[in-house]
*Asks:* 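Pasting a structure here, questions to come.
Quick note on labels: first sequence line is chain A, next is B, and so on, each numbered from 1. Computation of the quantities below employed the complete heavy-atom set of this structure, encompassing side-chain atoms and omitting hydrogens, waters and symmetry-equivalent molecules.
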Protein chains: 2
Amino acid sequence: MSPTELAAPSFFTEYLPHVSVDCVVFGFDAKGLQVLLLKMKHCDDWALPGGFVRQQEGVESAATRVLQERTGLEQVFLQQFRVFSEPRRSAANKWTSENEDLQAWLNQRFITIGFYALVPFEKVAPQPDSISDACSWWNLADVGKLMLDHNAILHSALEALRLQMRYQPIGYNLLPEKFTMPELQKLYETVLGQTLDRRNFQRRMLDFGLLEKLPERKTGVAHKAPFYYRFNKTQYDKALEEGLAGGW
Amino acid sequence: MSPTELAAPSFFTEYLPHVSVDCVVFGFDAKGLQVLLLKMKHCDDWALPGGFVRQQEGVESAATRVLQERTGLEQVFLQQFRVFSEPRRSAANKWTSENEDLQAWLNQRFITIGFYALVPFEKVAPQPDSISDACSWWNLADVGKLMLDHNAILHSALEALRLQMRYQPIGYNLLPEKFTMPELQKLYETVLGQTLDRRNFQRRMLDFGLLEKLPERKTGVAHKAPFYYRFNKTQYDKALEEGLAGGW
DNA sequence: CGCCTATGCGTTGAATTTACACAATGTAAA
DNA sequence: TTTACATTGTGTAAATTCAACGCATAGGCG
């Protein structure tokens, strides 16, 4: 081996061994709740976007980096929710690659730190990574069998998100800056998986004191045009810190 | 090196590198909420009980093993709540030991998975580990500066516990099998850090349907003797699964 | 220009939460 | 023994919150 080969960058020197991060990226559009998935090379499975932790970074940075690379977004709402570490979860790893370093890296046992992210659907430009050949949104209801235990991770993320909604507001990261009350309600109904009374929902949301009603109405819409609202970021962040009162 | 030395057990072959678990063990007695801490050798700091993850075990098993070794308890309520991974959190590691293997191991960068545990105070037999020379309960209010970022971990665990109380019952793992309503209330007040109305508390707890009133009263107590209660384990576990209604 | 659908705003009764009142019990002091 | 006192058991009324529903209005569409 030549010195240059010895000095060649390796996954084993760049990243912490045995540790990965996986991100459940939620987006929201008219069709409902969407999840960002990667189509893995050399196999039919889709997988959650994931990555590894550099020798000198924290897991949040690693997840932020993954998110930036897959979505192009700099600022995302990111929340770690659980570690998945059963030894057998990695047992199915049977990667083959011309790159021996990569192959050995991927066939390690991994413990993975699960994050969920809430991102503005329409601002995302999905980008596959080096071991996948596609990256795209999937409607939550259409997601099939995923790689390894990624179905369990996805399911767990949704549970964590539903729990979070009980005491923290959501929406700032999932909706465009201006949105209507029916759109906000649709978001809540979709994530919670239940319908809510239109009038009680509106009263409750307004009572939280996070919304600012704009003077303009949505245009080009059939029937009565709803007003636009936007979040008061100051109040919103305060509610994230201190929590909301009740919950659904 | 002889073959036997090569085959000698090493932390690096037994455990996953860079990964640790730390446990915030909560107990409860008449003096309030207690935390189990270890006095580290060769330094004045106290620390949370922690350990490492074997090559073929999950992080929950690792934490359970740590708990078993420090408390003697087999069955404990254990909940992972966050990963602590800032690179600089390990920067303060300056362990020295005659055991070079151990020294190199301890001076790695670690990401640690935080767990909190709820245990029956009076059944615990605290046992120090190999790198500590004492293991004992501390009243939460008396805890001073801990090793590394363990103060932050402890604080974060308490926050997670308070959050959990909003939608899940606690007490089964923190109280003796038979307990009085004032004892249960004291537990809630201590963890939440606020006083609660005695009569409303009782009504609410009973309405949850988790308690069974026993025909006996506490004896040897000044003033009116309160009845004993115990948890209905079936209902309790159901509530852990499905969550409670409201919250404080 | 009326029809239909969805929004804005409001009302009412039920359910829950909160704040107290009062009797009962057992210890300890008078 | 009696009395005082602290604490528990049970109940109730007011206040607040929650849930279900009514109705007028706006705006596109035939």
*Asks:* Quickly work out the D197(A) CG to dT7(C) P distance and round it to whole Å.
*Replies:*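 The distance from CG of D197(A) to P of dT7(C) comes to 13 Å, rounded to the nearest Å.
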
*Asks:* Here's one to test your reading of the geometry: is the NZ or CZ of K233(B) within 45 degrees of the ring axis of Y172(B) and under 6.0 Å from its centre?
*Replies:*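 Positive - K233(B) is close enough to the ring of Y172(B) and near enough to its axis.
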
*Asks:* With DNA chain C as reference, determine whether N200(A) or A225(B) sits nearer its 5' end, using the nearest nucleotide of each.
*Replies:*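 Looking at the nearest nucleotide for each, N200(A) comes out on the 5' side.
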
*Asks:* Let me know the distance between CZ of F208(A) and C1' of dT17(D), rounded to the nearest Å.
*Replies:*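 Atom CZ in F208(A) sits about 12 Å away from atom C1' in dT17(D).
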
*Asks:* Within the pair K186(B) and dT7(D), is there a side-chain N or O less than 4.0 Å away from OP1 or OP2?
*Replies:*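 For dT7(D), neither OP1 nor OP2 has a side-chain N or O of K186(B) closer than 4.0 Å.
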
*Asks:* Taking CG from L244(A) and P from dT17(D), how many angstroms apart are they, rounded to a whole number?
*Replies:*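 The distance from CG of L244(A) to P of dT17(D) comes to 15 Å, rounded to the nearest Å.
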
*Asks:* By nearest heavy atom, map P226(B) and G220(A) onto DNA chain D; which one lands nearer the 5' end?
*Replies:*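 Result: P226(B).
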
*Asks:* Name the nucleic acid region contacted by K218(A), choosing base, sugar-phosphate or nothing; use a 4.0 angstrom heavy-atom cut-off, strictly under.
*Replies:*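 Here K218(A) touches no strand at all.
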
*Asks:* Mark yes or no: K213(B) above the aromatic ring of Y228(B), with NZ or CZ under 6.0 Å from the six-membered ring centre and no more than 45 degrees from the axis.
*Replies:*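 Not satisfied by the 6.0 Å and 45° rule.
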
*Asks:* Are Q164(B) and Q79(B) linked by a side-chain donor-acceptor pair shorter than 3.5 Å?
*Replies:*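 The answer is no; no qualifying pair exists.
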
*Asks:* Ignoring hydrogens and geometry beyond distance, is the side chain of K224(A) in donor-acceptor contact with the base of dT7(C) at under 3.5 Å?
*Replies:*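 Under the 3.5 Å cut-off, the side chain and the base do form a donor-acceptor pair.
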
*Asks:* Nearest to the side chain of R198(B), which nucleotide is it out of dC21(D), dC9(C), dT8(D)?
*Replies:*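 Nearest to the side-chain atoms of R198(B), counting from C-beta on, is dT8(D).
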
*Asks:* dT7(D) P sits how many Å from E183(B) CD, rounded?
*Replies:*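 After rounding, the reported distance stands at 14 Å.
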
*Asks:* Any ion pair linking R203(B) and D207(B) (charged N to carboxylate O, less than 4.0 Å)?
*Replies:*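 Between R203(B) and D207(B) there is no salt bridge, as every charged N stays at least 4.0 Å from the carboxylate O atoms.
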
*Asks:* Picking from dA6(C), dC9(C), dA19(D), which would you name as closest to the side chain of H223(A)?
*Replies:*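 So the nucleotide nearest the side chain must be dA6(C).
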
*Asks:* Calculate the interatomic distance between F201(A) atom CZ and dC9(C) atom C1'; express it in whole Å.
*Replies:*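 From F201(A) CZ to dC9(C) C1': 17 Å.
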
*Asks:* Using heavy-atom distances to pick each residue's nearest nucleotide on DNA chain C, tell me which of R199(B) and R217(A) is more 5'.
*Replies:*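 Its nucleotide being nearer the 5' end, the pick is R217(A).
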
*Asks:* Whether the E60(B) and Q80(B) side chains hold a donor-acceptor pair (N or O, under 3.5 Å, no angle test) is what I'd like checked.
*Replies:*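 Yes.
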
*Asks:* Separation of R204(A) atom CZ from dC9(C) atom C1', in whole Å?
*Replies:*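 In whole Å, dC9(C) C1' and R204(A) CZ are 19 Å from each other.
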
*Asks:* Is it the case that dG9(D) (base atoms only) and R203(B) (side chain only) share a donor and an acceptor within less than 3.5 Å, ignoring hydrogens and angles?
*Replies:*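 Result: no qualifying N/O pair found.
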
